[in-house]
Participant: 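Pasting in a structure now, in structure tokens, and then I'll have a few things to ask.
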Amino acid sequence: MMNLQIAQLLRKMAAAYLILNENRFKIIAYERAADSIEHLTSEVKDLWDDGKLDQIPGVGEAITKHLNDLFSTGKVRHFDEIMKKVPQAIFPLLLVPGIGPKKAYTLVKELKIKDDEDDVIAEIEFCAKTHQIAPIEGFGEKSEIDILEAIATYKKGQIKENRMELPVADAIAQDVILHLKKLASVEAVDILGSLRRQVATIGDIDIAVVTRKPAEVIEHFITFPHQRLIEQGPTGASLLLHNGRQVDLRIQKPDSYGAMLQYFTGSKNHNIKLRSYGLTLGKSLNEHGIKDVKTGSIRSFHTEEAFYRGLGLPWIPPELREDKGEVEASVVGKLPKLVEVGDIKGDLHLHSNYDLKPSHDLGADPLEVYLDKASALEYEYIGLSDHNPKISGQTSQQIVDIMKRRKEFYESHPRARDRQVKIFVMCEVDIRPDGKLALPEVAFEYVDAIIVAIHSNFTQPRKEMTKRVVAALSAHPKVRIFGHPTGRLLTKREGVELDWDKIFTICKERDIALEINAHPMRLDLPDTIVFDAVRENIKLCINTDSHAAQFMDLMRYGVSVARRGWCEKSDIVNTMEYTEFKKWLLK
DNA sequence: GCCGTTTTCGGCCCGACTGTTTTCAGTCG
């Protein structure tokens, strides 16, 4: 059973307990454990194998015992007992927006929906159409209409289950911002929520506005083209756009804007932790300001910095706000000084259009275009990391010759002695299924350094995959970077299973850097593993993997991943100036 | 059910919106 399924199981339990009127904190505890497991970097099963379940936040004695049951017998007896007490027909209904456990239970009970009903949602839809729902206590005519609307949206698949990549979310947010800015009473607009925190994929878009005329701004906002107005109130509104994406707007007056920014940026868990901390100081936090619990007086804050200062804390960068220890660190003044885009001195993973009969895509631009772009970005160096030549249909000797000619080409290039931007002749080499590298040993003479990466057989079991990667990382001293380590493609392909402790060990032994691939489809290493790597003092290298020079601008997404992983400048090798970096790369 | 700079017991973030209600429950973020 994978983490997502375990999280779903725990959420089902939370829903069941809610219906059974269990202690509400027990329900919160189950939901918290589910959240925690869903966002884990390693498989719960692997942690269980290693006897490390107690490392999962929110998982205590009781849930550990249930997970023990699950992994040793395939089921949890206690859960099965509880599940017998609630109708199973409620669970499909929880997928319909606006229907939670309580409503689902009432509907199933009152409408006598059987557990073996094939399509519970269709059955409820029929009941709504035939006006069987309005008479139920707690429901009414409007509920019937709302349920039909929600089911229609659900059935059309208009609510996108899959999340957006960052540039897609950025584009939508910019459209909405442009629309809002047409109104003179909009004094400032900010992107908040997960997009501001630069989470790898985005669900909803959250936008905040400062204004002295809230009603006018909200009326204007809902004229943005949409398929459904989800809700509207005096402090905000939510729209479902034609592309299936939701945009939430929140409004605040200038003098309380700081509290609003903080509240609406999240994450939920960061806010919970911050509010708990506030309570220890006798302060209760909300989106309007900080309330003194004793006197009931509320202080408001114009800026977010002032809001945090109101708690005696330094401002916490949005990328850190995931309840990974940032509140505790800020209390003792130990927040990291995060790496910035301006710290980056070079991009080492670039694909040029030099045709070396590569195993994968050739780049689109020649060396000089990359050099010009690097120069514009004020880089000191770049690495040409074309894919290795195909190994099928070519002899080793042919490959060696290609690599030799390529090196000569770059070295004799008119721009080879570029004054500003230095060149490293590198290569991105496939890690073959058996852990061997897809480049003949002799050819290593014609490169400065190697990025190794997985491009095939992504589904090997964890043990085998780990062995494969460790072999590749140990294959040759010129192996310096492990490229897009998990191989994930966001919203499309899961990353590979690796024993990260072992990977970290070999990286440390050989001083190899893990790549943070900045391509918005990859963002690989994932930030959660970057966080673990930083704690183990593993070096990282942020690259764009550009197949055309224009994509070198995507570096900022990689830097965001690094920041979310608590990286300081010193954790990132390509923040080193040229001489120092050269020493590291060619050691 | 979880957790600890106030605690191994006694707390547990906070509020908006909606519909069905005459003061609140459910859902959501």
Side-chain angles (χ1 to χ4, degrees), chain A residues 10 13-15 17-19 21-36 53-54 56-67 78-79 82 93-107 133-147 149-150 192-194 203-206 208 214 218 229-238 246-252 256 259-260 262-291 293 298 311 323 327-328 331-332:
Chain A
L10 294 174
M13 287 307 297
Y17 280 138
L18 186 68
I19 290 165
N21 288 318
E22 257 290 355
N23 177 347
R24 66 194 180 98
F25 295 108
K26 184 168 170 179
I27 295 157
I28 292 171
Y30 269 86
E31 279 168 350
R32 194 170 123 69
D35 277 348
S36 175
L53 282 188
D54 56 348
I56 307 173
V59 173
E61 206 178 321
I63 295 182
T64 296
K65 191 175 143 294
H66 297 323
L67 291 176
H78 175 66
F79 289 178
I82 302 294
L93 288 179
L94 299 182
L95 300 172
V96 179
I99 300 185
K102 295 268 188 174
K103 282 187 187 174
Y105 179 66
T106 309
L107 288 172
I133 290 180
I136 300 173
E137 194 181 343
F139 291 81
E141 308 237 323
K142 185 67 168 64
S143 330
E144 224 160 46
I145 296 167
D146 286 350
I147 286 173
E149 216 166 65
L192 304 180
S194 54
D204 301 340
I205 310 254
D206 302 311
I218 290 167
L229 174 62
I230 298 170
E231 65 180 24
Q232 180 183 355
T235 63
S238 298
Q246 184 173 331
V247 182
D248 299 335
L249 176 77
R250 288 293 175 274
I251 303 288
Q252 191 53 279
S256 296
M260 162 65 66
Q262 197 290 317
Y263 156 76
F264 213 29
T265 296
S267 67
K268 183 180 160 193
N269 288 336
H270 172 80
N271 286 356
I272 289 173
K273 178 59 67 71
L274 200 66
R275 287 167 185 192
S276 305
Y277 174 71
L279 284 180
T280 67
L281 308 175
K283 296 166 198 264
S284 169
L285 319 183
N286 60 34
E287 62 263 51
H288 307 293
I290 300 179
K291 186 166 79 179
V293 175
I298 297 179
L311 291 170
D323 190 23
V327 174
E328 294 87 338
V331 171
V332 294

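So you know, we letter chains A, B, ... as the sequences are listed, proteins then strands, and number each from 1.
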Participant: Under a 3.5 Å distance rule, please check whether A/Ser143 uses its side chain to pair with a backbone N or O of A/Gly140 as donor and acceptor.
Facilitator: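 Such a contact is found between A/Ser143 side chain and A/Gly140 backbone.
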Participant: Tell me whether A/Gln252 contacts the main-chain N or O of A/Ala259 through its side chain, where contact means a donor paired with an acceptor under 3.5 Å.
Facilitator: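 Not at all, since once roles are kept as given, no pair shorter than 3.5 Å links the two residues.
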Participant: Along DNA chain B, 5' to 3', what are the outermost nucleotides having an atom less than 4.0 Å from a heavy atom of chain A?
Facilitator: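 Under 4.0 Å from chain A, the extent on DNA chain B is B/dG1 to B/dG29.
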Participant: Mind checking if A/Val331 touches a base, just sugar-phosphate, or nothing, with heavy atoms under 4.0 Å?
Facilitator: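 No contact.
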Participant: If only atom types and distance count, is the side chain of A/Asn271 paired as donor or acceptor with the main-chain N or O of A/Tyr263 below 3.5 Å?
Facilitator: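 Such a contact is found between A/Asn271 side chain and A/Tyr263 backbone.
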Participant: For B/dT8, which nucleotide is its Watson-Crick or G-U wobble mate, given both distances must be under 3.5 Å?
Facilitator: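 Paired with no nucleotide.
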Participant: List the steps and the verdict of side chain to side chain contact (heavy atoms under 4.5 Å, CB included) for A/Ile272 and A/Ser276.
Facilitator: CA-CA 6 Å; A/Ile272 289 173; A/Ser276 305; 4.2 Å; yes
Participant: State, with a plain yes or no, whether a side-chain heavy atom of A/Phe79 is found less than 4.5 Å away from one of A/His66.
Facilitator: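 In contact.
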Participant: A/Glu328: what forms a salt bridge (charged side-chain N to carboxylate O under 4.0 Å, His left out) with it, not counting sequence neighbours?
Facilitator: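 Partners of A/Glu328 under the salt bridge (charged side-chain N to carboxylate O under 4.0 Å, His left out) test: A/Lys273.
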Participant: When rounded to the nearest Å, what value does the distance between P atoms of B/dT7 and B/dG1 take?
Facilitator: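 So the two P atoms sit 26 Å from each other.
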Participant: Can you tell me how far P in B/dC13 sits from the matching atom in B/dT23, rounded to whole Å?
Facilitator: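 One P to the other, the span is 29 Å.
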Participant: Looking across every strand, which nucleic acid part, if any, lies under 4.0 Å from A/Asp146 by heavy atom: base, sugar-phosphate, or nothing?
Facilitator: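 It contacts sugar-phosphate atoms only.
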Participant: Within the 4.0 Å heavy-atom criterion, would you say A/Asn271 contacts the bases, only the backbone, or no part of the nucleic acid?
Facilitator: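 The residue A/Asn271 makes no contact with any strand.
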Participant: With P as the reference atom in both, quote the distance from B/dC12 to B/dC17 in angstrom, rounded to an integer.
Facilitator: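 25 Å, rounded to whole Å.
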Participant: Is A/Gln232 touching bases, backbone alone, or none of the nucleic acid, heavy atoms closer than 4.0 Å?
Facilitator: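 Here A/Gln232 touches the backbone only, sparing every base.
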Participant: Under 4.0 angstrom, heavy atoms only, what part of the nucleic acid is A/Ile27 near: base, sugar-phosphate, or nothing?
Facilitator: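 If one applies the 4.0 Å heavy-atom cut-off, A/Ile27 turns out to touch nothing in the nucleic acid.
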Participant: How is A/Leu285 classified with respect to the nucleic acid when contacts are heavy atoms under 4.0 Å: base, sugar-phosphate, or nothing?
Facilitator: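 It contacts sugar-phosphate atoms only.
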Participant: Specify the residue among A/Phe264 and A/Arg32 whose closest nucleotide of DNA chain B lies further upstream toward the 5′ end.
Facilitator: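 It is A/Arg32, whose closest nucleotide lies nearer the 5' terminus.
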Participant: By the 4.0 Å heavy-atom rule, please label A/Glu141 as base, sugar-phosphate, or nothing.
Facilitator: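 Here A/Glu141 touches the backbone only, sparing every base.
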Participant: Considering every strand and a 4.0 Å limit on heavy-atom distances, what is the contact class for A/Leu274: base, sugar-phosphate, or nothing?
Facilitator: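 Answer is nothing: A/Leu274 stays at 4.0 Å or more from every strand.
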Participant: Quick check on DNA chain B: between A/Val96 and A/Lys142, whose nearest nucleotide comes earlier from the 5' end?
Facilitator: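 In this pair, the answer is A/Lys142.
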Participant: How far, in whole Å, is B/dT22 from B/dC28 if one measures between their P atoms?
Facilitator: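 After rounding to an integer number of Å, I get 23 Å for this pair.
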Participant: For the pair A/His78 and A/Tyr17, name the ring-plane relationship: parallel under 30°, tilted 30 to 60°, perpendicular over 60°.
Facilitator: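 Taking A/Tyr17 first and then A/His78, their aromatic rings sit tilted (interplane angle of 30° to 60°).
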